[in-house]
Amino acid sequence: MTNAFHPLTFDAAACQGRRSCMRACPTQAVRVRAGHAELLEDRCIDCGECIRVCEQHAIRPITHSLERLASYERTIAIPSLALYTQFEARPGQVQAALRRCGFSTVAPISPACDETKEAIELLVSANRDRWPFLSSDCPTVVRLVQARYPALVDRLLPLLPPRELTARRAKVRETASSGIPPERIGAVYVTPCPSKMVSIVDHPGMRRSHLDAAVSIADLYPRLASAMKRGGGNGDPDGGETAGGLRWAWVGGHQGWMSAEQSLSVAGLGNVIRILDDVEEGRLRNYAFVHAVACVEGCVGGVLAVEDPYVARARAVRLTRSLGSPPIDRAEVTRRYREGEYHADSQPLASPSRPLDDDLGQAIVKMNARDRLLDLLPGIDCGACGAPTCATFADDVACSTAQALDCVFMHWDALDAREGRAMTIADILPVLNGKLVAGERRAREPVKGGYASDLLSDVMANARVGDLWVTLQRHANIVAVASVREVAGIVLVGGREPEESTRARAEEEGVPIVVTPLPTFEVIGRLHAAGLTGRRD
Amino acid sequence: MGLDFLSAGRASTEVKDALKRLGVDPSVVRRVATASYEAEMNVVMHARRGHITLRVSPETVEVEAADEGPGIPDVELAMQVGYSTATPEMRELGFGAGMGMHNMKVNADEFHVDTVVGQGTLVRILVRQVQGAR
């Protein structure tokens, strides 16, 4: 999946290559190379688990800073319901504190949640042939469906997530009351996770957002906590939030939610994947709605929430019991539903991950190679190679983003296998990430030692028969020297390709030439480690 | 393995994932995954043990389910929609609609059943690839 934007950055300086992120990633989107974690952008679905587990804090979320508020004439804070579970306080108090932090006004999400719940019921009862529908308020789940379950993209709710509906309405209201045009009003979501950034920042294939920015709960927390100490919140203690609204924020909140039809809640991407497999294979058709979220306790346990997820969830349950449940005017909701007020203006586009190869025949060849390699691998998922599992590593080798000998066990096996047999150029190719560009017919003859020099006369004087000559010289004369001295072959370093005349001559005279991307020092080190020395005694 | 409901369905999910990775046309993936699920469930419900093999070529996708089990005494009867040999316990889990063999047949371009009572059953499902640009 080609993604322009991921809401996280990897700090190589702080990274110690401990691999917690690599192991935690539910889509195997992290590799460790040269001791540092790297993101495979086309596999990342922005769940932020890597941020959660890194003890060095070397992965940081990208969200908007509070300074951004200054670029708008008026700002509307739209807090995720998870925000209220970060404090032992009534929502009204939290909202008052938000205003003290610089927001012009606060718009509660609950009314949109309550109405959307009714809209979902209207939608599912009229579309039984499309059961089960999938929730679309968690952008990570949407990304997962786009990339790995593209056939299910049409099952995503065609309705706006409550935060979007709230943003649209709040801006209209604010414009009407203040006269300030919508472009100068900032609708800012207070987010428990970096994933929501993906739905806000303009992105091809995702819906256009009514929100202008997302500020992280973690960033806001210190200012908010001290603003709350100053007391206040004289209006409605519920702040317009409702029990029905809060139910969206914790897993299990939706249980028993729908009046006639059945709904299913699932959290945690491993679990979501299993449920989506079931849906894709034609099961769970007796469920009208699957509410799927990436974070294990729901949004209250989001990566950027400060409170422990279980404490937050306990608060959420208590808060749900104490908040009001104003009656919904069903006739009004039905009227608005028919006018399309709850519908999103587009569906997310399918964006399936790339297959092994665009040509099916080649893909089959690669998969067979991958399966053969998997049989040779130890199967202990140690992670030393920088991939989270042996199966993932085998996939990487099949796609040429890793070499089989990157696995330490394969490396040792290769050394063992040669016991009693002399090393050949064919043996050293994987060791040097090298390719043979000439002289293949002699690549299986024994290599006896090594010599490194870039001065031709030095090589003429000191290289021995059967030595591997390591050099950076590319011109055709190296072939003559190699022939005369009867070296086993030439290793060209630093990715230098031989000149065409060199290559042609080497082919003619049967002189193997290996091209390696590695520099000389590294080449010699690796050859030594593989058992080839230049000793003369 | 027979009656191993914990793992039931895992093999056909693996089949589906492998086909997706190969970039096989989604309509083919859906048909093969459905047929392979039914075949796998038959092994779990009725046999002692079995093996599912997936063969992919640029022209066809083939799933073969071979088991050691009771065999099918009357294949034609088994193919009838609504006929089921599911036990009460299995029905409680949602199985036994009597659609299994039928589902396999309607999703396949070629469908073979070889069975010996007292020994076991082999079911082979072949689906032709969709040709054309990807």
(message) So for A/Arg283, is it side chain, backbone, both, or neither that comes closer than 4.5 Å to the heavy atoms of chain B?
(response) side chain
(request) Heavy atoms only: give me the nearest A/Asp278-A/Leu284 pair and the separation to one decimal. (result) CB-CD1, 3.9 Å
(message) Quick check for you: to the nearest 0.5 Å, what is the distance between B/Asp17 atom CG and A/Ile273 atom CD1?
(response) 9.0 Å
(message) Between A/Asp42 and A/Arg354 (salt bridge meaning N to carboxylate O under 4.0 Å), is one present in this structure?
(response) no
(message) Checking an interface table here. Which of residues 393-403 of chain A come within a heavy-atom distance under 4.5 Å of chain B?
(response) A/Asp395, A/Cys399
(request) Check whether the side chains of A/Thr392 and A/Gln28 place a donor and an acceptor atom closer than 3.5 Å, and report yes or no. (result) no
(message) Check whether A/Tyr149 forms a cation-pi arrangement with A/Arg155 (NZ or CZ under 6.0 Å from the six-membered ring centre, at most 45° off the ring normal).
(response) no
(message) Are A/Leu39 and A/Leu8 packed together at the side-chain level, in the sense that at least one heavy-atom pair is separated by less than 4.5 angstrom?
(response) yes
(message) Measuring from atom CD of A/Gln362 to atom CG of B/Leu22, what distance do you get when rounded to the nearest 0.5 angstrom?
(response) 12.0 Å
(request) Decide yes or no for B/Val56 and B/Gln129: does some side-chain heavy atom of the first lie under 4.5 Å from some side-chain heavy atom of the second? (result) yes
(request) Identify the residues of residues 102-127 of chain B whose heavy atoms come closer than 4.5 Å to a heavy atom of chain A, ordered by number, or report 'none'. (result) none
(message) When you compare the side chain of A/Arg148 with that of A/Thr27, does any pair of heavy atoms fall below 4.5 Å?
(response) yes
(request) Calculate, to the nearest 0.5 Å, the distance between atoms NZ and OG belonging to B/Lys20 and A/Ser353 respectively. (result) 8.0 Å
